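Below: one structure, written as structure tokens.
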Protein chains: 2
Amino acid sequence: MTTDTTSYAPGKAATPEERKAWSSTSAGRVVTARKITRAEELRLILADEIVSGQLAPGAPLDESELARRFRVSRTPVREALRQLVASGLVDARAHRGAIVAHPDPERLAGMFEAMAELEALCAGMAAERMTVSERHALQSLHDQLRAISYLGDPQRFHEVTEAFHNAIYAGARNAYLAELALATRKRVQPFRRAQFRNIGRLAKSHAEHNRVVLAVMQGDRAAASAGMRAHIDTVRREYATYAGKA
Amino acid sequence: MTTDTTSYAPGKAATPEERKAWSSTSAGRVVTARKITRAEELRLILADEIVSGQLAPGAPLDESELARRFRVSRTPVREALRQLVASGLVDARAHRGAIVAHPDPERLAGMFEAMAELEALCAGMAAERMTVSERHALQSLHDQLRAISYLGDPQRFHEVTEAFHNAIYAGARNAYLAELALATRKRVQPFRRAQFRNIGRLAKSHAEHNRVVLAVMQGDRAAASAGMRAHIDTVRREYATYAGKA
DNA sequence: TTGGCACTCGTTGCATGCAATTCGCCATTG
DNA sequence: CAATGGCGAATTGCATGCAACGAGTGCCAA
């Protein structure tokens, strides 16, 4: 416990100014979401830190420590952790604390396989259902990726890749399926960090996307699915090569 | 609030005997899970009541009321609700309470479509990966279903159907994918209650399963997928026919 | 020296009180 | 008469204190 410095009066735990402090760590991504609860804020921040790799798989999530860090009581921290447990990003056992989820290799392989199929499914549906303007928007993102792969900016490439996949989710016209795919993507993300340091991977990734984009533009469901499945399968293999320590 | 009858001393809110009372409502399914926390208990109970239809979509979930009902404080109730929100069975908005999830028709259609594809995927994978004994076990469940469909016991038919689908999930050798499929199944379940009152549906369901079982026995992935997709699609159409009020 | 055991400490689980927000109701006004 | 503004009640959100559980440590006995 060790209530050390702060005064901590009830309902006045931290001024808004104080509370801004914590988001300074996450590189300019300050989301000034004012209309949501503290627990929801914490959930979003912690999820982001897990997905972005700031909190590595296996890292302990101490309630009191997080409460101090975010200048709130343990209650909203606990609620945020419970939701993260339910979403699969965090593992917890009663009286034994919570850690960032760290699936064993077999489970991780299953997540990759499921991701491949979900993405393939979305791509196939998108090939059939996207509007003309959506197809053009997808093509535009794809072109951007080519340009970025030449420049060799992994961070930017990653961001636009996310947009690319999100565009396909949206094109599938199934919000629920999109949520499943996105959630799976996020849960796998902490284990593919290393890939984005590999510049050579960018061009290959773009080439794989090319098959998908072509099929989507032509409305060829089977080809779009196959292309996306192959792409994610490459991602999986790439991970398997890089990761000896998983 | 109205602290009416019980004394309610801290840490001694209810004796074990008192706490047994609530589970008597759910028809003999008393799970004497002693080693888990109260919040976890509540989560399981509420999820079961939602899936089983005791709590209908749209029903309000008042924290204080649930706390009284289960003889606990609001804290574990809140944690259970948060987890149910994260799992999609409950919707909640800050300061406005929680209700049993009630997706609009479009979203529900998406859930049915996703379920069809997930089940199809599992069936296809199971056709390739099941052991011989697993295939025989599946066949056995299928035979049981035929017998039950003759007897016309919808409740029992439902239970064995669940076991049938779970056997296919297990045969797919992908725990993560199985979780997705099962979660989706549970989220859709509250909207297909009516179907199990329709005795005629039982025989048709069994006939649809037949295609899947045959394909699985022969290791024919494509046929197993197609069969399962067609089955779930029938389920969806059946729902669409029954439900004017969704 | 080693195995078992009780004790202690740290962390999590739960209860409770207060603060904050929302919504319904009623009065006031155009 | 309708619309709007503010007040009150009810409900949720958060802080805090205490209880319970687990893990580590040191002691005792074999």
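Every chain is numbered from 1 and lettered A, B, ... according to where its sequence line falls, protein lines coming before strand lines. A quick note: this is a predicted structure, and the numbers were derived from the prediction, not measured.
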- Task: Scan residues 76-88 of chain A against DNA chain C and write down, sorted by residue number, each residue with any heavy atom closer than 4.0 Å; if none is found, say none.
- Result: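 Going residue by residue through residues 76-88 of chain A, the ones with a heavy atom under 4.0 Å of DNA chain C turn out to be A:Arg78, A:Arg82.
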Quiz item: Within the structure shown, what part of the strands sits under 4.0 Å from A:Ala98 by heavy-atom distance: base, sugar-phosphate, or nothing?
Solution: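 No contact.
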Report task. Please work out if A:Ala92 contacts a base, only the sugar-phosphate, or nothing of the nucleic acid, heavy-atom cut-off 4.0 Å. Result ->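 Result for A:Ala92 = nothing.
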How close do B:Phe112 and B:Val235 get, heavy atom to heavy atom, and via which atoms?
->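 Smallest interatomic distance, heavy atoms only, reads CE2-CG1, 4.0 Å.
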Salt-bridged, A:Arg192 to A:Glu238, with N to O below 4.0 Å?
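Salt bridge flag = no for A:Glu238 with A:Arg192.
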* **Residues A:Arg38, A:Glu41: salt bridge by 4.0 Å N-O rule** =>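 No salt bridge links A:Arg38 with A:Glu41.
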Report task. Apply side chain to side chain donor-acceptor pair (under 3.5 Å) to B:Arg236 and list each qualifying residue two or more places apart in sequence or on a separate chain. Result ->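 Scan of B:Arg236 (side chain to side chain donor-acceptor pair (under 3.5 Å), adjacent residues dropped) gives B:Asp233.
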Atom-pair distance ([atom1] on [X]; [atom2] on [N]), nearest Å:
X	N	atom1	atom2	result
A:Glu63	C:dG13	CD	C1'	8 Å
B:His95	C:dC18	NE2	C1'	13 Å
A:Ile99	C:dT11	CD1	P	16 Å
A:Glu65	C:dT12	CD	C1'	15 Å
B:Arg68	D:dA10	CZ	C1'	12 Å
A:Leu66	C:dT12	CG	P	9 Å
A:Ile36	C:dT21	CD1	P	14 Å

> Are the side chain of B:Arg129 and the backbone N or O of B:Ala172 linked by a donor-acceptor pair below 3.5 Å?
Replying inline: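 Side chain of B:Arg129 to backbone of B:Ala172: a pair is present.
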Check whether the side chain of B:Arg74 and the base of D:dG13 form a donor-acceptor pair under 3.5 Å.
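Yes, a donor-acceptor pair under 3.5 Å.
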- Query: Is any N or O donor-acceptor pair between the side chain of B:Thr37 and the base of C:dT12 shorter than 3.5 Å?
  - Reply: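 Per atom types, no contact qualifies.
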For residues 83-94 of chain A, dump all side-chain donor-acceptor pairs below 3.5 Å to protein atoms at least two apart in sequence or in another chain.
residue	atom	partner	partner atom	Å
A:Ser87	OG	A:Leu84	O	3.0

Nearest to side-chain heavy atoms of A:Arg96, which nucleotide of D:dA23, D:dG13, D:dC14 |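 Out of D:dA23, D:dG13, D:dC14, the nucleotide with an atom closest to A:Arg96's side chain is D:dA23.
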Exercise for the section: Using a cut-off of strictly less than 4.0 Å, decide whether A:Thr75 has a side-chain nitrogen or oxygen near OP1 or OP2 of D:dC14. Expected result: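 No, A:Thr75 has no side-chain N/O under 4.0 Å of OP1/OP2 on D:dC14.
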Under 4.0 Å: is that the gap between some side-chain N or O of A:Arg38 and OP1 or OP2 of D:dG13?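 Answer no for this pair, as no side-chain N or O of A:Arg38 is under 4.0 Å from OP1 or OP2.
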Does atom CD (B:Glu162) have a neighbourhood of more than 12 heavy atoms from anything else shown, all under 6.0 Å?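 Yes, CD of B:Glu162 has more than 12 neighbouring heavy atoms, counting only those of other groups under 6.0 Å.
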